[in-house]
Amino acid sequence: MQRVTRDVLVQKAISLLSAGTVDRVLGWKAGEFSYDVTPYVFKDAEALKADFVFDDFCGANFSKYLVKECGKSEGKVLVFLKPCDTYSFNQLLTEHRFDREKVYAVGIPCDGMADITKIREKAEGISEITAEGDGFCVKTLYDGDVKLTKEEALAERCLNCKSQKHVAYDELLGEEGEVIDSGRFTGVEALEAMTPDERFAFWKGELSRCIRCNACRDVCPACTCEKCVFDNPKSGVENKAIADSFEEKMFHIIRAFHVAGRCTDCGECSRVCPQNIPLHLLNRKFIKDINGFYGDYQAGEEAYSRAPLVNYTTEDIEPADAVKKGDGENA
Amino acid sequence: MQRVGVFVCWCGSNIAATVDVKAVAEALKAEPGVVFSTDYQYMCSQAGQDMIKEAIREHQLTGVVICSCSPRMHEATFRKTAESAGINPYMVEIANIREQCSWVHKDIPTGTEKAIILGRAAIAKVSLNAPLTPGESPVTKRALVIGGGIAGIQTALDIADAGFPVDIVEKKPTIGGKMAQIDKTFPTLDCAACILTPKMVDVAQNDKIRIFSYSEVEAVSGFVGNFDVKIKKKARFVDETKCTGCGLCTEKCPQKKVPNDFNLGMDMKRAIYIPFAQAVPKVATIEADYCNMLKNGKCGVCAKVCTAGAIDYKQQDEIIEEKYGAIVVATGFNPISMEKFDEFAYNQSKDVITSLEFERLTNAAGPTAGKLLRPSDGKHPETIVFVQCVGSRCDACNEKGKEYCSKICCMYTAKHAMLTRDKYPDTDVYVFYIDVRTPGKNFDEFYRRAVEEYGVHYIKGMVGKILPEGDKLKVRASDLIENKQINIDADLVVLAAAIEPDKSARPLATMLTASMDTNDFFTEAHPKLRPVESPTAGVFLSGACQGPKDIPETVSQAGAAASKVIGLLAKDKLLGNPCVAGSDEMMCNGCSSCERVCPYGAISYLDKEFRMPDRTTKVRRVAQVNEAVCQGCGACTVACPSGAMDLKGFKNNQILAEVDAICR
């Protein structure tokens, strides 16, 4: 259950539209099923009243939509940002990917978003999902009502939420939250504890399921290139037919390198993966290593900050030491 | 499709002994695009080069692959050859089958296989090469010398002598450096001041030379021929243009308790001081941390006594911006800290001193006016022990010292021992050594004189421990030749401390993008053939910043660096490197990653209007490379997430083609 309701957001959007502050609203709209929520650009109060949705399935990070949306009209676009979305927002600003002047950002609190894949594992034939106290009640076609706790239903990224704090906004609904000392690196540590062979087997198993739908790239707020290398025949690595399973591994590894130091760990890649590959683990390994090598750094925490990978200081780790750490304690 | 010619060099037996050159030439004939392939004994010889030229004409070659030594060695040679035969010099690729192949492999099959693979990679690359034309840039005809010791002084004098203006930046209030602190010089024993100070005066009087003393280099940008340098002139609170160097202020200043760094803290100076009588510029400087006037506004004596009105308590640091065509690094050395050497009791006894402190103790202008007296009680020492290699030639795991030999200690210790015995024949002088190293003109004769004529006791072995006891220093040592333990009750112990580069060198190297070794000595472009040039174009090396050196060596290197600078400044225009980065604007995101990693500040951004496929226009931020500033390091091409940034001559697809050819 989200502490901010749909009606509050609709009210806010309508008042900003009528005041002329913004001329359109980036929001969520119901899809075919109640849990199938999709981003939508609302242009007027009627559409907002009719179709605007805000519930536990509004996980989509709107920051990336600003790259294209900002150029579409002279007016401002209203965007609702959850705390984790604001990090992507700042990172995109750092990379000059949209015009800050053309955005009106409203920070909204977030109590964690549900993961439909996790729910489906517990309940087959879902007809309706409603929040019930701290958990959820899932109506199913075959097994009647299935009650799920928060832990059973929330996305991994939300159970390991890294921040309740909005790092960028024009206006904030509700109280300012705190940065959380989350357990988000536990999964990476488990991988590091494996032998190289075990780790290889793990990733082979995960990545071999990839169908190369590109959803992870298309949703990723760090992937906003004018022309992605995977779509560019000149790069030599453009979208090819699946020649062998190794190509899929390279795709994800190249992508992890491309977003290294820029990934804010928003977790959208894993959310949208239709094959449930834990792609966020690759990015978190990079984040953990960067923290270890250069001191704690959170991409997007501060707009226009100089990320360690594109900066040089005399305190930087020597490459040889980084390799040693890669082999040993940080492997 | 290119028409590629392959030329495999034997390099005498250097390559041919481990690589079957004929087999390489034969195998590469089959590569796509290759229309001619041959081998020859010395490709770089006139006959070899003629062979290449003839082949270019006869077979209408458009690309040339030379399988030979490192491109650092002969790339320029073969580019010229190609150019004179009418093709673009950048259509030449070198496959290094010597340093990276024949020299590292022992058997012919492996060497040959690898040479073929390297050749294949070069052919794959040259097939994608495009003709390149270098741009021209003007040369600013002024040199900067960083460091005003004997190295910097000599370099500056030689450059000025050729008619080019030179600026010396010295962080201390006076030029002169370490040599100004030394008493006598080996092996001739002439007085250091007598040979140095005339040179300092020459510098001061030369109208081509400007001295920025008490100044430091703050920032460097630009490139060979066109460096922009910011120099911070620290506030000395004395107007240099007014001060006559009369020294009255330094006598009247009531603050007498300022450690005198020129005498290594062995005596005190005033808060306003001139480091030594022959200082250049002979201008007073106020030590701000000690001056009563600057600290709490109470005093002002120096201003009252100064008839020239030179004292300026409100003086601020000043930033000077100047353009230079060449930069010479002459930052010199320092003895390492003895703090960690507890076994030698340096911290516990005033009578354990370093060799540089010994120089000051025996210098007529030093704290004891040249009389050899113990720092603790001012008594004449009767037994003196010299310990060599303190912190030099240490194990790699020993964090206190250095792995290298400091080179000058054997000779100055022999000098100290000999001079002590000469002046005070009643003293007993012992020298503990690991080896005595005397390779230099008249060096060994000098050392033998110390032993044979002056009766210095040279003992092979190291001192294990020094214990201060009463007014004696108990020296526990081993004699490796006699194989016994020795105990000496010494009055004075002199430690030949290892030398290390000045601490300012590391940040300076970063500013200059000049490389350093693990010991923070500057790296030369080639250890044998380009010893005074740094690998960064336009940056030259003079003196001990490049490695331990004595005065004669330093002076010769200083002259050599000067001649390189003169050679550069004599040119009106420099041909640039055409292998520079460029951004494909259609792919550029304007994300600033490249700008952030560019060490030369060559990248800027432009909001540019683009026509979209649907006939609308869109303004996008795109990167622009200043080709005159770009040095072609390629950092931007790696940082660019979309692959928009590419390096001419080393395009991403060329590199990948090489990798593909190797993995084929």
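Throughout, protein chains are lettered first and strands after them, A, B, ... in sequence-line order, and every chain is numbered starting at 1. Values below: all heavy atoms of this structure, side chains included; hydrogens, waters and symmetry mates excluded.
In this structure, the portions of Thr94(A) lying under 4.5 Å from any heavy atom of chain B include both its backbone and its side chain. Looking at Leu309(A), the atoms closer than 4.5 Å to chain B (heavy atoms on both sides) all sit in the backbone: N, CA, C or O. Interface remark: Cys588(B) contributes backbone atoms only to the contact with chain A (heavy atom separation under 4.5 Å). Heavy atoms closer than 4.5 Å to chain A are found nowhere in Arg506(B), neither backbone nor side chain. Neither the backbone nor the side chain of Asp660(B) comes within contact range of chain A; no heavy atoms are under 4.5 Å apart.
In this structure, Arg212(A) is positioned above the aromatic face of Phe230(A), its NZ or CZ under 6.0 Å from the six-membered ring centre and within 45° of the axis. Taking the ring axis of Phe293(A) as reference, the NZ or CZ atom of Lys288(A) does not stay both within 45° of it and closer than 6.0 Å to the ring centre.
Between chain B and the residues Arg97(A), Glu95(A), Glu226(A), Arg306(A), the most heavy-atom pairs under 4.5 angstrom are made by Glu226(A).
The backbone N or O of Asp44(A) sits nowhere less than 3.5 Å from a side-chain atom of Arg24(A) that would complete a donor-acceptor pair.
Atom CZ of Phe257(A) is surrounded by 12 or fewer heavy atoms from other residues, nucleotides or ligands within 6.0 Å.
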ask   = Step by step, would you call Thr62(B) with Gln2(B) a side-chain hydrogen bond (donor to acceptor under 3.5 Å, both in side chains)?
value = CA-CA 6 Å; Thr62(B) 58; Gln2(B) 307 274 17; 2.8 Å; yes
